[in-house]
Amino acid sequence: MPAKVDMDKIVSLCKRRGFIFPSSEIYGGLASCWDYGPMGVELKRNVKEAWWKSIVQERDDVVGLDTSIMMHPGVWAASGHIDNFTDPLVECKSCHLRWRADAIEGKKCPQCGGELTEPRMFNLMFKTFMGPVEEEASIVYLRPETAQGIFVNFENVVTTSRKKLPLGIAQIGKSFRNEITPGNFIFRTREFEHMELEYFVKPGTDEKWLDYWVKERFDWYVKLGIRKDNLRLRQHGKDELAHYARDCYDIDYLFPMGWSELEGIANRGDFDLTQHAKHSGKELSYYDAEAGEKYVPYVIEPSAGVDRSLLAFLVDAYDEEEIEGEKRTVLHLNPSLAPIKVAVLPLSRNEKLTPLAKEVYKQLCPNFVTDYDDSQSIGRRYRRQDEIGTPFCVTIDFESLEDKQVTIRERDSLAQIRVPIGELKKVIAAKLKGEAFDASSLWATRQK
Ligand code: ATP
């Protein structure tokens with residue numbers, strides 16, 4: 001497999017196969033905004049589902065939440081976003097392009113070589129007005145992270161969930177940042193989705209829990225198929241830490257443009273709860289009945305981007321192989337992430353094959369995201385399914401009419417097995433879970 005893929009190839013495949021389109025394309029697009037097409041929306045749902053399953057569903061110490069994008073402006077004063085959520089901005093005195101000062105090398109404009117202004121701090125939050133009057137008092141912000149919705153609901157969740165610490169609260173949702181230099185496809189955009197967990201712990205146990213979550217999150221990417229060699233951990237230097245962080249690790253991925261952050265895992269200490277208690281006047285602490293003491297919990301925060309993870313999964317899965325002298329492009333996506341799990345492909349549009357193929361499709365589609373395709377040659381249809389990462393193709397041929405068996409073709413090994421139609425659902429389900437399933441013995445047993 002190639003260590004690195006050109007971003008152009010990923011962008012082109014995404015457009016060609018319906019994963020991701022430029023936003024408002026018929027109007028010429030809108031910088032850094034993208035739309036997820038039929039394949040992209042399935043992949044994105046699967047990424048979020050995999051995160052939710054491992055963070056919420058499979059754990060008894062984490063609950064979910066879904067808070068509003070617009071919040072009381074006091075939240076952003078307390079969190080430090082109004083004062084500190086800034087990047088240093090410089091402007092070229094000749095061409096007037098604006099740059100993030102810490103993202104360019106040298107002191108000249110990367111576009112025209114012109115002289116740059118002194119850096120000024122630029123706040124990344126989008127501002128708008130709530131209600132019909134555009135005045136200072138009605139300013140609201142689009143949230144730049146989902147985390148604050150969790151902190152301000154800490155008390156609500158603790159009392160209603162009746163859970164003890166350590167307790168995690170997880171949220172997936174849109175965030176907005178008016179980035180000075182977005183780019184690299186969906187890597188950095190101004191509108192994106194966050195998957196964030198705020199894990200509240202007893203002070204003193206925070207370092208242990210930070211290590212735990214760094215490992216847990218690193219392993220999540222590996223479990224979903226990302227090669228370990230393409231991942232690395234990087235601890236932030238003291239001078240690099242955000243205003244709220246006591247310690248922080250980045251999980252970096254080897255993207256086509258080089259090593260870049262995929263997820264950050266921070267020890268936020270008691271910064272957020274203390275700030276919100278101070279600004280709101282409401283006490284935000286926890287009574288630990290076992291220890292018989294009250295304290296403000298510390299927070300460990302694994303914060304990941306849905307779109308950025310999705311890009312990493314695509315890049316890592318992308319491969320160009322040569323099979324019997326022919327080139328095939330394939331996405332070796334983990335089956336749980338693949339947009340389509342199984343494609344039903346009658347050998348041709350022959351009127352005798354169609355009813356059986358439709359019957360097979362009807363059997364599968366309530367259980368798996370299933371595609372039905374009877375256009376063009378079978379070779380072309382396999383190539384299309386390989387390019388969108390479909391793990392299994394089911395072919396219905398003339399023999400199927402006689403013996404009521406169909407062929408399953410596996411995307412990665414290209415192995416083909418014959419399976420009785422009645423067992424198809426069971427076999428596909430087992431294969432998707434990665435279980436070995438000996439269909440020949442099954443058929444032999446049934447024949448007895
Ligand atoms: P960066 O340094 O890349 O700007 P950050 O350190 O500001 O990111 P965090 O605030 O830690 O990012 O957000 C956590 C995660 O959210 C990031 O690791 C990334 O996956 C995602 N993310 C943040 N900003 C963006 C963005 N503008 N576009 C897409 N994803 C983003």
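Whatever order the structure lists them in is the order used to number ligands and atoms, beginning at 1.
A salt bridge between E193 and K44 is present, with a side-chain N of the basic residue lying under 4.0 Å from a carboxylate O of the acidic one. Taking a cutoff of 4.0 Å between a charged side-chain nitrogen and a carboxylate oxygen, D211 and K215 do not qualify as a salt bridge.
Looking only at protein heavy atoms, the nearest one to atom 16 (O) of ligand 1 is H194 NE2, 3.1 Å. With respect to atom 10 (O) of ligand 1, the closest heavy atom belonging to the protein is R177 NH2, 2.9 Å. For atom 20 (O) of ligand 1, the nearest protein heavy atom (residue, atom name, distance) is L262 O, 2.9 Å. Scanning the protein heavy atoms around atom 21 (C) of ligand 1, the nearest turns out to be G305 CA, 3.7 Å. Of all protein heavy atoms, the one lying nearest to atom 18 (O) of ligand 1 is E261 OE2, 2.6 Å.
Selection from F192, F85, F187 by nearest heavy atom to atom 25 (C) of ligand 1 gives F192. Selection from E179, R188, R100 by nearest heavy atom to atom 4 (O) of ligand 1 gives R188. When the heavy atoms of P182, S309, S303, P144 are ranked by distance to atom 15 (C) of ligand 1, first place goes to S303.
Within the 4.0 Å heavy-atom cutoff, T189 counts among the residues contacting ligand 1.
With contacts defined as side-chain heavy-atom distances shorter than 4.5 Å, the pair L424/L364 qualifies. Using a 4.5 Å cut-off on side-chain heavy atoms (C-beta onward), R234 and E261 make no contact. Contact of the T146 side chain with the R143 side chain is registered, since non-hydrogen atoms from C-beta on lie closer than 4.5 Å.
Atoms SG and CD, from C33 and E25 in turn, are 13.5 Å apart once rounded to the nearest 0.5 Å.
A donor-acceptor distance shorter than 3.5 angstrom exists from the side chain of R411 to the backbone of G389, with no hydrogens or angles considered.
Those atoms of ligand 1 with a heavy atom of E263 less than 4.0 angstrom away are 18 (O).
Between A304 and ligand 1, a contact under 3.5 Å exists for no N or O pair.
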Next item on the list: Assess whether salt bridge (charged side-chain N to carboxylate O under 4.0 Å, His left out) is satisfied between K294 and E283, documenting all intermediate values.
Entry: CA-CA 11 Å; K294 194 154 91 173; E283 189 184 343; 2.9 Å; yes
